[in-house]
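The structure appears right after this line, and notes come after that.
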Amino acid sequence: MSETRFDPSQADGRWQRAWNDAQCFRADDSSTKPRAYVLEMFPYPSGRIHIGHVRNYTMGDVLARYKAMTGHEVLHPMGWDAFGMPAENAAIEKGVHPGAWTYQNIANMKAQLQRLGFALDWSREVATCDPSYYGHEQALFLDLYAGGLVYRKESAVNWDPVDQTVLANEQVIDGRGWRSGALVEKRKLSQWFLKITDFAQELLDGLGSLEHWPEKVKLMQENWIGKSQGLQFAFTLSDGEKLEVYTTRPDTIFGASFVAVAADHPVAQKVAAENADAQAFIEKCREGGTTAAELETAEKLGFDTGLTAKHPFTGADLPLYIANFVLMDYGTGAIMAVPGHDQRDFDFATKYGLPITRVVAPSAADADKPFAGEAEAGDGVCVNSGFLDGMSVADAKASVIARAEGEGWGEGKTVWRLRDWGVSRQRYWGTPIPFIHCPSCGVVPVPKGQLPVTLPEDVDMSIPGNPLVRHPTWKHVDCPACGGAAERETDTLDTFVDSSWYFLRFASQPADRPFDPEEVARWMPVQQYIGGIEHAILHLLYARFWTRALKAIGKLDVAEPFAQLFTQGMVTHETYSREEDGRPVYFSPGEIERGAEGAVLKDDGKPVEIGRVIKMSKSKKNVVDPDEIVAKYGADAVRWFMLSDSPPERDLPWSEAGIEGCWRFVQRLWRLFGQYDATATGQDKALDRKVHQTVAAVADDIEALSFNKAVARIYELTSAAEKAAPSASRSNAIRAVLLLASPMMPHLAEEGWAAIGETGLVAEADWPEVDPALLVEDEVTVAVQVKGKLRDTLTVAKGTSKEELEALALASEKVQRALDGAEVRKVIVVPDRLVNLVA
RNA sequence: GCGGGCGUGGCGGAAUGGUAGACGCCGGGGACUUAAAAUCCCCUGGGCAUUGCCCGUGUGGGUUCAAGUCCCACCGCCCGCACCA
């Protein structure tokens, strides 16, 4: 073979065409092989792929290629999460149509992905913004409606009074609209909801079956669903009315020092009707964003209504406040506040000078222990609590609930933090909700025969607000029920709906239905799903819900959509900046010359400050363009970098030195392949052993997605093969290195496969066989410790007896010196591992 | 604020409770070369040092013959919080 270098600029495209010509990555629906559905979260078509996408899709690609090599029929599809706000923003800022912008982006990004050599079945590509996708989504939505899982109710949105537009949470900055700067108001609109709460218990229970999901994600979902058992009971107010409150801490009821309702609570409304100050306070609460984070970090504010509530046990009159930290959406929208044992109540009580009473203490003796400036939410025994004194928190909860139920003023109740899913968006670039509002018939579903309800093309995005509302003709239709003049629903669906079933469409895509349940059942569940941790709750919970909801209405027979989940880390990069006029000015890596000591700007040769390694973002300019690095180093070096060093669940810091190292390794492998000699004879037992151990270990590592470890082992085997003298064993080791590296560096592997005289594609080759007999070492190194400190090591035959190990350890000169005549009192021997002499 | 996670050399990291730092990057030294690039070899946690010894996994405690790993408390950073995707 020639001594020339491997040239990705001509090899990459050649092999990509060869794979395409052979259609190697097309999933065969009729295959009898065991199936493997490998899926990465599909991207939003922003225009350019991000290095984070490259990392995500490289991981899935290695697994998909490995599965194919180990005898599986692989489904590895790709598509586009193509609806959403960025297309509308681009339309406003650049004057392009959201659809044209989106499809252009898809074309660009698809070409970028193809240049990376991913083993994707492009024949199943979907774009959610295409009527051939969202039309089916509309049909599914109608099915869910028929199944009683869709309803309408009033719900608050962020309203920009200047732009006359509904704003997303991310468009509200410090309580103001991002474009207009106007103070945002909360406004109530009638909106569409999906009954995810009907499935709260099932979604919670289902987590137990997800053995191969990260514990942290399951825990986050469990907390999000937020099942709590508590007491709902009624206070009698001083005006004679009843006020229902819910508490998860009935054990602390004797510590209640005030009662509070949300600003939207009917009691607050009633007070405000007669009290201008109360009205003003409620309006103040309506200013600012709607997010939980904002509500909970805002300063606690309250308004004393002058009313009081009678404590059910003590008969005390507790003041009734309207408070900004009470959420109308949770429980009854009203609380009994126990400042000693809830931090929010504590803050509020401190601010308004309300009593803070201890009713739970570490022990009965601590009944009068003062608080250390904060509430104590922990466990303990009840104190200062009448009949509860001395009880544990758990017993007291049960006891109070039993008493309330016996006396008829309250009952034990399960409450969920999970709320129904509001899917209405007052925006153009989304799936039209297939309903018609008729003045005489009310809300009427669009007949399925009239689907898809498509978006109008001729819209003016330069005016704020929803173009579907002001379009001259689009919304005017005849009522499907009575034939009279009616109007289309102008809200579109949350884009999370689009991503809640795309994995089903990948598995089966008939033209006349969303999917065929039997075809889907043959591929589902997704065997390995890979994506960012930022989707741990919403996307993954919504997809689980859709799967269940479709099952509940008989459209699907899958319990959980994703058998195995992996959440990968971000790609990060150091930042380069200079202080100019008191503000940092950032430079991109391309503008910088990076040396050992520091970095200078190429333009002026003067130093710049190297900042922290953070997530790549345009504003900090610490981005690298996948196209540029692929052009410079080839797809394989980039893929190898994505897999090396950092464990895949952690952040990966991009570095120029790192990619250079990968490039050198590509060439090093190429030289090694060049040393392959099919005619070499002779055996190298140690190398054979190393090969089989490495094949087994790399397989385990890939299955566990521990790519960084697989990479390290391939480096080791490469070094061993390089150092070995020519032999049949060595040639076999070179062939093994090629096969092991092939899922990661497929272009180089194909080139090498041909070079060593193999026929066919390595993409369709088999993973090397492992001989279990060669996995075991016959010699081991045993550590010898004295009092837990390493003093010597012994090289002995594997399986050497405890007695012999102890004798060998005591015979060691180093051990005797360390013992220094001291008497050995105890000996711990772990066969094949260590001897510890305790003196 | 609430929920979840992470923290090991100059850097990325490895390590079923059992030899801390595998493997890679950076750096240093050498070989080859007229020279450079490329490649190959050696060294590379810190401190003291004559064989060796001491210290060391964010901080402080604890359990254990033995702790990066288990327990408690704290510090720092990151992710999510329901209309970003």
Problem set entry | Phosphate-side-chain proximity, A/R664 and B/C26, N/O vs OP1/OP2 below 4.0 Å | yes

For this session: Answer yes or no: side-chain N or O of A/N836 and base N or O of B/C65 forming a donor-acceptor pair under 3.5 Å.
Result: yes

Exercise. Heavy atoms under 4.0 Å, any strand shown: does A/V782 hit a base, just sugar-phosphate, or nothing?
Worked result: nothing

Problem set entry | Among B/G18, B/C83, B/C78, the nucleotide that comes nearest once only the side chain of A/R427 is considered | B/C83

For this session: Mind checking side chain to side chain donor-acceptor pair (under 3.5 Å) for A/R668 and listing every partner two or more places apart, or none if nothing turns up?
Result: A/S719, A/E722

For this session: Give every residue pair that meets the salt bridge (Lys or Arg N to Asp or Glu O under 4.0 Å) criterion with at least one member in residues 187-197 of chain A, sequence neighbours excluded.
Result: none

For this session: Could you state the atom-to-atom distance from CG of A/L194 to C1' of B/A82 in whole Å?
Result: 13 Å

Problem set entry | Euclidean distance, atom CG of residue A/L643 to atom P of B/G13 [Å, nearest integer] | 15 Å

For this session: May I ask you to evaluate whether A/T495 reaches the phosphate of B/A85, defined as a side-chain N or O under 4.0 Å from OP1 or OP2?
Result: yes

For this session: Identify, with sequence neighbours excluded, every residue that meets ring pair (Phe, Tyr, Trp, His ring centres under 6.0 Å) alongside A/Y502.
Result: A/F42, A/F506

For this session: Have a look at A/A293 and say if it touches a base, only the backbone sugar-phosphate, or nothing, with a 4.0 Å heavy-atom cut-off.
Result: base

For this session: Tell me what A/H535 touches on the nucleic acid: a base, only sugar-phosphate, or nothing, going by heavy atoms under 4.0 Å.
Result: base

Seminar exercise, completed: When rounded to whole Å, the CZ to C1' distance for the pair A/R417 and B/G80 reads 10 Å

Problem set entry | Protein proximity profile, nucleotides 2-10 of chain B - base contact B, sugar-phosphate-only contact S, no contact -, cut-off 4.0 Å on heavy atoms | SSSS-S---

Problem set entry | For A/R425, all residues meeting side chain to side chain contact (heavy atoms under 4.5 Å, CB included), sequence neighbours excluded | A/R427, A/T492, A/D494

For this session: Calculate the interatomic distance between A/Y330 atom OH and B/A82 atom C1'; express it in whole Å.
Result: 15 Å

Exercise. When all nucleic acid strands are considered with a 4.0 Å heavy-atom cut-off, which category describes A/S655: base, sugar-phosphate, or nothing?
Worked result: nothing

For this session: Between A/T793 and A/G84, name the one whose nearest nucleotide on RNA chain B is closer to the 5' end.
Result: A/T793

Exercise. Got a sec, which residues hit side chain to side chain donor-acceptor pair (under 3.5 Å) with A/R249, two or more places apart in sequence or on another chain?
Worked result: A/D251

Problem set entry | B/C75 versus B/U39 - spacing of their P atoms, nearest Å | 49 Å

Seminar exercise, completed: Of the candidates B/C84, B/G13, B/G80, the side chain of A/N708 sits closest to B/G13

Seminar exercise, completed: Of A/L652 and A/F42, the one whose nearest nucleotide on RNA chain B sits closer to the 5' end is A/L652

Problem set entry | Contacts of A/D329 that satisfy side chain to side chain donor-acceptor pair (under 3.5 Å) - sequence neighbours left out | none

Exercise. Does A/R179 come within less than 4.0 Å of A/D163, counting only side-chain N to carboxylate O?
Worked result: no

For this session: Have a look at A/L418 and say if it touches a base, only the backbone sugar-phosphate, or nothing, with a 4.0 Å heavy-atom cut-off.
Result: base

For this session: Give the B/S/- string for nucleotides 41-47 of chain B, one per nucleotide from 5' to 3', where a protein heavy atom under 4.0 Å of the base yields B, of only the sugar-phosphate yields S, and otherwise -.
Result: -------

Exercise. Does the side chain of A/R791 get closer than 4.0 angstrom to OP1 or OP2 of B/C53 through an N or O atom?
Worked result: yes

Exercise. Going by an N to O cut-off under 4.0 Å, is there a salt bridge joining A/E215 and A/K218?
Worked result: yes

For this session: Could you check whether A/V827 gets within reach of a base, just the sugar-phosphate, or nothing at all, counting any heavy atom under 4.0 Å?
Result: nothing

For this session: Assign A/S46 to base, sugar-phosphate, or nothing according to its heavy-atom contacts below 4.0 angstrom with the strands shown.
Result: nothing

Problem set entry | Distance-only donor-acceptor test (3.5 Å): side chain A/Q171, base B/C84 | no

Exercise. What is the distance, rounded to the nearest whole Å, between atom CD of A/Q426 and atom P of B/C84?
Worked result: 12 Å

Exercise. Are OP1 or OP2 of B/C83 and a side-chain N or O of A/R425 less than 4.0 angstrom apart?
Worked result: yes

Problem set entry | Whole angstrom value for the distance that separates P of B/G68 from CG of A/L790 | 14 Å

For this session: Could you tell me whether the side chains of A/R152 and A/S190 share a donor-acceptor contact shorter than 3.5 Å?
Result: yes

For this session: Using whole Å, report how far CZ of A/R833 lies from P of B/A66.
Result: 18 Å

Exercise. Partners of A/A536 by side chain to side chain contact (heavy atoms under 4.5 Å, CB included), sequence neighbours excluded?
Worked result: A/V217, A/M220, A/I533

For this session: Look at atom CG of A/D7 and say whether more than 12 heavy atoms of other residues, nucleotides or ligands are closer to it than 6.0 Å.
Result: yes

Exercise. Base, sugar-phosphate, or nothing for A/P647, non-hydrogen atoms under 4.0 angstrom?
Worked result: sugar-phosphate

Exercise. Has A/K153 got its NZ or CZ under 6.0 Å from the middle of the six-membered ring of A/F193, at an angle within 45 degrees of the ring axis?
Worked result: yes

For this session: Pick base, sugar-phosphate or nothing for A/E534, based on heavy-atom distances below 4.0 Å to the nucleic acid.
Result: base

Exercise. What nucleic acid atoms does A/F496 come within less than 4.0 Å of, heavy atoms only: base, sugar-phosphate, or nothing?
Worked result: base

Exercise. Is B/G9 syn or is it anti, if syn means the base angle is within 90 degrees of 0?
Worked result: syn

Exercise. Ion pair present between A/K216 and A/E649, side-chain N to carboxylate O less than 4.0 angstrom?
Worked result: no

Exercise. Who pairs with A/E299 by side chain to side chain donor-acceptor pair (under 3.5 Å), at least two apart in sequence or on another chain?
Worked result: A/K351

For this session: Please determine if a side-chain N or O atom of A/K789 lies less than 4.0 Å away from the OP1 or OP2 oxygen of B/C65.
Result: no

Exercise. Looking across every strand, which nucleic acid part, if any, lies under 4.0 Å from A/E660 by heavy atom: base, sugar-phosphate, or nothing?
Worked result: nothing

For this session: Tell me what A/G532 touches on the nucleic acid: a base, only sugar-phosphate, or nothing, going by heavy atoms under 4.0 Å.
Result: nothing

Exercise. Based on Watson-Crick and G-U pairs with both distances under 3.5 Å, what dot-bracket line describes RNA chain B 5' to 3', crossing pairs as [ ] and inter-strand pairs as |?
Worked result: (((((((..(((.....[....))).(((((.......))))).((((...))))..(((((..]....))))))))))))....

Exercise. Does A/F665 have any ring pair (Phe, Tyr, Trp, His ring centres under 6.0 Å) partners at least two apart in sequence or in another chain, and if so, which?
Worked result: A/W640, A/Y715

